[in-house]
Amino acid sequence: MPVPRRNRLVMPALAVAAAIALGCVAAPQAPAGQGEPAGQRKPAATRTADTADDPDIDGTDTVEEFQGDVGDAREIAEEYWQKQFKRSGLDFQPIAELIPYGAKKQVGCGGQALGLNNAAYCSAGDFIAYDANWAFAAFRQIGDAFIFYLLGHEYAHAIQRRLGIQKQFTIQQELQADCMAGAYIGDMQKAGRLRLADGDLDELAAGLEAVGDDPGQPWFAEGAHGTARQRTAAFSNGYRRSLSPCKLS
């Protein structure tokens with residue numbers, strides 16, 4: 001397969017890094033027919049009044065490029081995990097849907113509405129959903145590496161479910177997903193499917209530091225993702241050493 005149309009991961013300025021919060025919803029498995037209905041995908045990101053006049057947005061990346069990167073990130077994640085499953089003698093099943101949404105309560109997971117400024121894997125419907133306006137704004141201000149990390153992290157939760165991985169604490173689940181996202185990006189770079197521009201790794205590490213839990217957040221708290229140092233270390237371990245440090249088995 002050729003390298004994707006936009007084949008480099010670029011993260012220029014971390015202008016909105018502090019606003020990034022990767023929330024991950026994993027609702028109990030819903031009975032058949034009670035997941036998010038197929039065919040009700042929301043429109044992908046469009047420029048809003050809030051983003052159109054934002055002086056921090058440089059205008060160099062378009063909605064079409066954003067949509068292309070989302071599609072590329074999903075395609076490469078599924079290619080990666082299909083190969084990993086095949087090596088282990090397992091059948092790989094892609095996620096059911098990748099759903100953009102634009103309003104609070106527009107998408108639900110197991111009876112729980114997904115909030116704004118967020119992305120999540122929902123085990124009840126086996127889909128990944130993301131706030132399209134938020135993701136597009138971050139894409140324009142940070143760069144396309146954010147999209148590949150975002151999809152890689154959430155897809156890792158789908159893989160955890162497929163492998164039956166359920167940690168005792170949320171933080172364990174999240175740091176493992178960061179490690180898996182690092183392995184996906186690092187391994188696909190080594191395979192020539194992704195190319196990183198100079199400085200991307202340093203900037204990606206800085207972005208991971210910005211999304212660490214607030215100081216004082218108990219590590220055992222429900223929803224904890226890890227400190228900046230923990231998240232950076234988890235991603236870096238996966239990027240450098242593939243899936244071995246992620247301890248999937």
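Treat the numbers as computed from the prediction; the structure is a model and nothing was measured. Positions are given from 1, in the same order as the sequence printed here.
Leu90 is listed as a side-chain neighbour of Leu163, based on a closest heavy-atom distance under 4.5 Å. Side-chain contact check for Leu196 versus Tyr239: some heavy-atom pair is nearer than 4.5 Å.
When atom types are taken as modelled, the side chain of Tyr155 and the backbone of Ile95 share a donor-acceptor pair closer than 3.5 angstrom. Side chain of Asp131 to main chain of Asn117: a donor-acceptor pair is present (N/O by atom type, distance under 3.5 Å, no hydrogens or angles). One N or O on the side chain of Tyr101 and one on the backbone of Gly115 form a donor-acceptor pair closer than 3.5 Å.
The minimum heavy-atom distance linking Ser123 with Cys109 is given by the pair N-SG, 4.5 Å. Here the closest non-hydrogen pair linking Glu78 and Phe92 is O-CE2, 3.8 Å. Considering all non-hydrogen atoms of both residues, Asp126 and Pro94 come closest at OD2-O, 3.8 Å. Minimum interatomic distance between Val63 and Phe136 (heavy atoms only, all atoms of both residues): CG2-CZ, 3.6 Å. Of all heavy-atom pairs between Gly152 and Ala181, the closest is C-CB, 3.8 Å. Minimum heavy-atom separation, Met180 to Ala156: CE-O, 3.5 Å.
Here Arg240 pairs with Ser236, Asn237 under the side-chain hydrogen bond (donor to acceptor under 3.5 Å, both in side chains) rule; sequence neighbours left out.
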Would you mind writing out the side-chain donor-acceptor pairs for residues 241-248 within the sub-3.5 Å range, not counting sequence neighbours?
| residue | atom | partner | partner atom | Å |
| --- | --- | --- | --- | --- |
| Ser242 | OG | Asp187 | OD1 | 3.4 |
| Ser242 | OG | Asp187 | OD2 | 2.6 |

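Interatomic distance, Leu150 CG to Asp144 CG, rounded to the nearest 0.5 Å: 12.5 Å. Residue Arg231 holds its CZ atom at 4.0 Å from CG of Asp178, rounded to the nearest 0.5 Å. Atom CZ of Phe235 is separated from atom CD1 of Ile185 by 4.0 Å, given to the nearest 0.5 angstrom. To the nearest 0.5 Å, atom NZ of residue Lys83 and atom NZ of residue Lys86 are 9.5 Å apart. Note that CD of Gln82 and CG of Asp91 are 10.0 Å apart. Values are rounded to the nearest 0.5 Å.
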Just do the side-chain contact (heavy atoms from CB on, under 4.5 Å) check on Tyr130 and Leu114 with the steps written out, would you?
-> CA-CA 9 Å; Tyr130 62 95; Leu114 302 185; over 6 Å; no
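When Glu174, Gln173, Arg162, Gln176 are each tested for a side-chain hydrogen bond (donor to acceptor under 3.5 Å, both in side chains) with His157, only one passes: Glu174. Screening Phe146, Phe139, Trp134 for a ring-ring contact (aromatic ring centres under 6.0 Å, His included) with Phe66, the sole residue that qualifies is Phe139. Residue Glu79 forms a side-chain contact (heavy atoms from CB on, under 4.5 Å) with just one option from Arg74, Arg193, Gln84, and that option is Arg193.
Classified by interplanar angle (parallel below 30°, tilted 30° to 60°, perpendicular above 60°), the ring pair Phe85/Trp81 is perpendicular.
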